[in-house]
Amino acid sequence: MTTAHQEAAASAVLDFASDPAGARAMRTYIAGLKAGQWPAAYVNAIGQDSLLDSSRWPMEQMYAFARVHSMLMAGEISQVQISTAGQPAADENRSENQRRLDDLLGPFVATVDPGQGTDVIGDGWLEWTEPIQVEQSMGVPYIDLATGEEAPLLKVATAPPGRVPLEIGTTHASKTFEHLMRMRGVARWPYGSDRIRLFVRTRARRSLT
C-alpha cells in the first residue's frame, strides 16, 4: 500500500519530468544513482530500501533523493553526524535501540517510540536543547585536486535548539523529503551505520533545476 509521501512524490515527478529542464535533471540523477556516484552511507541516510538498492528505486524515490541532495548542495539543508553506541537493531528490538542511543553526546537526546514502526511521524525523536554547529554548503562547487571530482564548498553554521523525527533503519527518500518540508528536519539512523545523520532546514527552498 502506498503512503501519502509516496503518492505526493509520484505526482510531483510526473510534473517535474514534463518540463525539458526537469527531464534532463532527472536523467542526470538516475544515471548517478545507477553508477553509484554517491557513497552508500550518504544515500542510505536519505533513503534505504530493504529490498531494492538505490539503482533500482522507483522513479518517485529517485526524485525525492534528487530533491534532498539538491537542497543539501544549495545550503538549504545542513547536516551533522552524531556517533552512537552501535548500528540499529531490528525494529522490534526497541529497547536495544534505545540503549544504544542513551549515551549520545550532549546536547543530543534521542527517544525511541514504544510503537516504533507504527507512528506516522517516525520511530522516535531527536532533540537538542542548545545551539549546535552544522555543516552547510555555500552553494559553490570546487574541484577536489586529490580526486579531480567536483565537491561543494562548505562552512560551519549554527542551528538553534530543536526537535525532529527520528527514522531508524529503512525508510523511503520521499519520507525524508516530507519530514524536511513539514518538520524542517529529520534524524536518520540507517541499518549498517553507527552514526545518526541529522538534517535540518537552514534556507528557503530553491528549484532543483
Side-chain angles (χ1 to χ4, degrees), residues 1-79 120 122 134-144 147-155 164-165 167 169-188 190-191 193 197-209:
M1 186 177 75
T2 59
T3 61
H5 58 82
Q6 289 173 287
E7 292 175 354
S11 176
V13 71
L14 289 177
D15 290 340
F16 184 75
S18 66
D19 177 78
R24 286 194 299 272
M26 280 307 305
R27 286 195 294 270
T28 298
Y29 277 101
I30 291 168
L33 285 167
K34 289 183 180 298
Q37 177 176 336
W38 297 281
Y42 173 73
V43 175
N44 289 343
I46 296 175
Q48 185 180 48
D49 194 305
S50 60
L51 301 176
L52 300 176
D53 63 54
S54 59
S55 68
R56 297 188 295 134
W57 280 351
M59 186 71 71
E60 76 272 5
Q61 298 308 316
M62 292 186 173
Y63 167 79
F65 170 86
R67 277 295 186 190
V68 175
H69 176 73
S70 173
M71 293 171 73
L72 278 161
M73 294 303 99
E76 297 160 25
I77 300 170
S78 296
Q79 61 178 318
V120 295
V134 292
E135 181 182 89
Q136 182 181 29
S137 169
M138 297 178 68
V140 179
Y142 77 98
I143 301 299
D144 187 327
T147 64
E149 297 180 353
E150 187 177 280
L153 192 61
L154 303 174
K155 69 175 182 178
V164 299
E167 291 287 354
T170 58
T171 196
H172 288 99
S174 56
K175 191 169 187 181
T176 299
F177 181 58
E178 179 186 56
H179 283 319
L180 289 164
M181 295 297 99
R182 292 181 56 202
M183 309 296 291
R184 300 193 64 80
V186 62
R188 277 287 293 132
Y191 287 132
S193 176
R197 195 178 294 241
L198 170 62
F199 298 117
V200 291
R201 291 278 300 280
T202 44
R203 280 190 203 156
R205 185 166 51 134
R206 299 178 185 174
S207 169
L208 176 61
T209 58

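Residue numbers count from 1 along this sequence.
No donor-acceptor pair closer than 3.5 Å links the side chain of Thr170 to the backbone N or O of Tyr191. Put simply, the side chain of Arg184 never gets that close to the backbone of His179: no donor and acceptor are under 3.5 Å apart. Under a 3.5 Å cut-off, the side chain of Lys155 and the backbone N or O of Gln136 do not form any donor-acceptor pair. Between the side chain of Ser70 and the backbone N or O of Arg67, no donor-acceptor pair lies under 3.5 Å.
Distance check: Gln6 CD to Ser11 OG gives 13.5 Å after rounding to the nearest 0.5 Å. Atom CD of Glu135 is separated from atom OG1 of Thr202 by 11.5 Å, given to the nearest 0.5 angstrom. With values rounded to the nearest 0.5 angstrom, Leu14 atom CG is found 9.0 Å from Glu60 atom CD. The distance from the NE2 atom of His69 to the CE atom of Met62 is 14.0 Å, given to the nearest 0.5 Å.
Contact between His172 and Gln61 at its shortest, heavy atoms only, is CB-OE1, 3.4 Å. Counting all heavy atoms, side chain and backbone alike, Leu180 lies closest to Ile77 at CD1-CD1, 3.4 Å. The minimum heavy-atom distance between Pro190 and Gln48, with the atom names listed, is CB-OE1, 3.5 Å. Of all heavy-atom pairs spanning Pro152 and Met73, the tightest one is CG-SD, 3.8 Å. Ser137 and Leu72 get closest at one heavy-atom pair: CB-O, 3.2 Å. Heavy atoms only, all atoms of each residue included: Trp57 and Gly47 are closest at CZ2-O, 3.2 Å.
Within the 4.5 Å cutoff, the side chain of Glu167 has no heavy atoms near those of the Thr176 side chain. A 4.5 Å side-chain heavy-atom check between Ile46 and Phe199 finds at least one atom pair inside the cut-off. At a threshold of 4.5 Å between non-hydrogen side-chain atoms, the residues Phe177 and His5 do not count as touching. Between Thr3 and Ser174 there is no side-chain heavy-atom pair separated by less than 4.5 Å. Within the 4.5 Å cutoff, no side-chain heavy atoms of Leu33 are placed close to those of Ser55. Counting only heavy atoms from C-beta outward, the side chains of Ile30 and Met59 approach each other to under 4.5 Å. Here the side chains of Met181 and Arg201 are in contact, with some heavy-atom distance below 4.5 Å.
Ring orientation note: the planes of Trp38 and Tyr29 are close to parallel, at an angle under 30° on the 30°/60° scale.
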